[in-house]
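Report on the structure given below.
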Amino acid sequence: PPEAIARAATLRAAIEQANYRYHVLDDPDITDADYDRLMRELEALETAHPALASTSSPTRTVGARAHGGFAEVRHAIPMLSLGNAFEQAGDTERERFREIAEFERRIEQTLDRRVPVFSVEPKLDGLAISLRYEQGVFVQGATRGDGETGEDVTANLRTVRAIPLKMRGEGWPDVLEVRGEVIMLRKDFEAFNDYARKHDEKPLANPRNGAAGSLRQLDPAITAKRRLSFFAYAIGVVEGGELPPTHSATLRQLREWGFPVSPEVATARGFDGLIAYFQRIGARRDTLPYDIDGVVYKLDDYAGQREMGFVSRAPRWAIAHKFPAQEQTTT
Ligand SMILES: Cc1c[n+]2nc(N)[nH]c2nc1OC(C)C
């Protein structure tokens with residue numbers, strides 16, 4: 001009946017808007033209870049009128065169990081690892097952060113640029129995944145695996161509300177791969193362990209295990225019970241369209257298309273700018289809503305990235321800068 005069709009469309013739009021405001025803008029305008037009421041009303045409508053349901057409906061996020069294990073997915077563009085730098089003994093900052101000074105100087109020299117601009121980002125401690133969108137619709141998601149081949153965890157990723165089932169806005173390429181980290185926010189990790197202890201279930205050792213374990217569940221219904229989040233940080237395949245010339249502009253564009261991007265991302269100029277960011281984030285590390293194990297510096301303009309190229313599997317144009325290992329507080 002037409003009024004059921006109209007009501008279902010209204011509910012879907014409201015739920016997608018609520019997901020965007022909660023996960024991308026971090027500025028929800030309805031309570032969790034209201035959100036659940038919208039979902040329950042849509043589920044009831046779709047049950048009463050099965051013709052209404054579609055795979056891209058927010059209620060259709062729990063798919064079938066992967067009986068024989070996960071299918072393999074070959075990454076057309078390998079998912080890279082990052083070379084990383086650690087602090088070293090020394091008096092001056094250039095000595096203590098010698099590897100970062102080296103990284104930055106090599107880029108200055110190779111590109112003959114005085115002060116290169118970098119995209120600077122928190123290095124989230126979760127599970128790296130790649131999301132494939134065709135005509136703006138989420139069609140496949142895979143884990144990083146060994147960088148060349150990962151596992152198809154599409155059904156599980158559909159249950160992660162921070163991952164848009166359809167891109168927002170317009171102007172996106174025909175095919176777009178968005179890469180990022182699936183994580184478990186600290187508050188959701190603590191809530192999960194409270195529940196586990198009360199129900200005599202095995203608690204999670206840390207949020208990273210929570211994200212990895214939840215995503216690798218063969219039954220998406222179990223994944224759906226784990227509160228996971230997602231932050232985009234890179235692009236893979238782009239076909240039938242083009243992206244801005246810099247990584248920072250691409251991250252802004254991804255936010256508009258409905259992808260969560262960490263609010264901590266910024267740009268920095270030269271060695272001093274990198275270290276200032278490293279120390280700024282380091283000072284706030286324990287107050288962030290998610291675990292990080294360092295920060296990532298990436299030359300911001302894509303032309304410069306292409307010119308710098310890669311060393312084996314890690315790009316010359318990016319590096320992870322890790323904090324000293326933190327004593328894991330076993331909760
Ligand atoms: C492996 C990795 C991890 N991370 N984490 C962030 N924030 N950016 C980022 N980029 C990565 O690789 C790029 C070089 C694509």
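We count ligands from 1, going down the list as the structure has it; atoms in each ligand are counted the same way. For the numbers below, each heavy atom of this structure counts, side chains included, while hydrogens, waters and symmetry mates do not. We count residues from 1, following the sequence as given.
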Quiz prompt | Evaluation steps, side-chain contact (heavy atoms from CB on, under 4.5 Å), between Leu176 and Trp257 | solution = CA-CA 11 Å; Leu176 179 67; Trp257 287 338; 3.9 Å; yes

Short N or O contacts of ligand 1 with protein, under 3.5 Å, listed by atom name?
unit_1: ligand 1; atom_1: 7 (N); unit_2: Glu121; atom_2: OE1; d: 2.9
unit_1: ligand 1; atom_1: 7 (N); unit_2: Pro122; atom_2: O; d: 3.0
unit_1: ligand 1; atom_1: 8 (N); unit_2: Glu121; atom_2: OE1; d: 3.1
unit_1: ligand 1; atom_1: 8 (N); unit_2: Lys298; atom_2: NZ; d: 3.0
unit_1: ligand 1; atom_1: 10 (N); unit_2: Lys298; atom_2: NZ; d: 3.4

### Query
Do the ring planes of Phe118 and Phe103 sit parallel (below 30°), tilted (30 to 60°) or perpendicular (above 60°)?
tilted

Item to complete: Check whether more than 12 heavy atoms from other residues, nucleotides or ligands sit under 6.0 Å from atom CZ of Arg269, and answer yes or no.
Response: no

Tyr22 ring center within less than 6.0 Å of Tyr35 ring center = no

Nearest heavy-atom contact between Ala128 and Tyr233 is CB-OH, 3.6 Å

Sequence neighbours excluded, the answer for ring pair (Phe, Tyr, Trp, His ring centres under 6.0 Å) partners of Phe138 is Tyr133

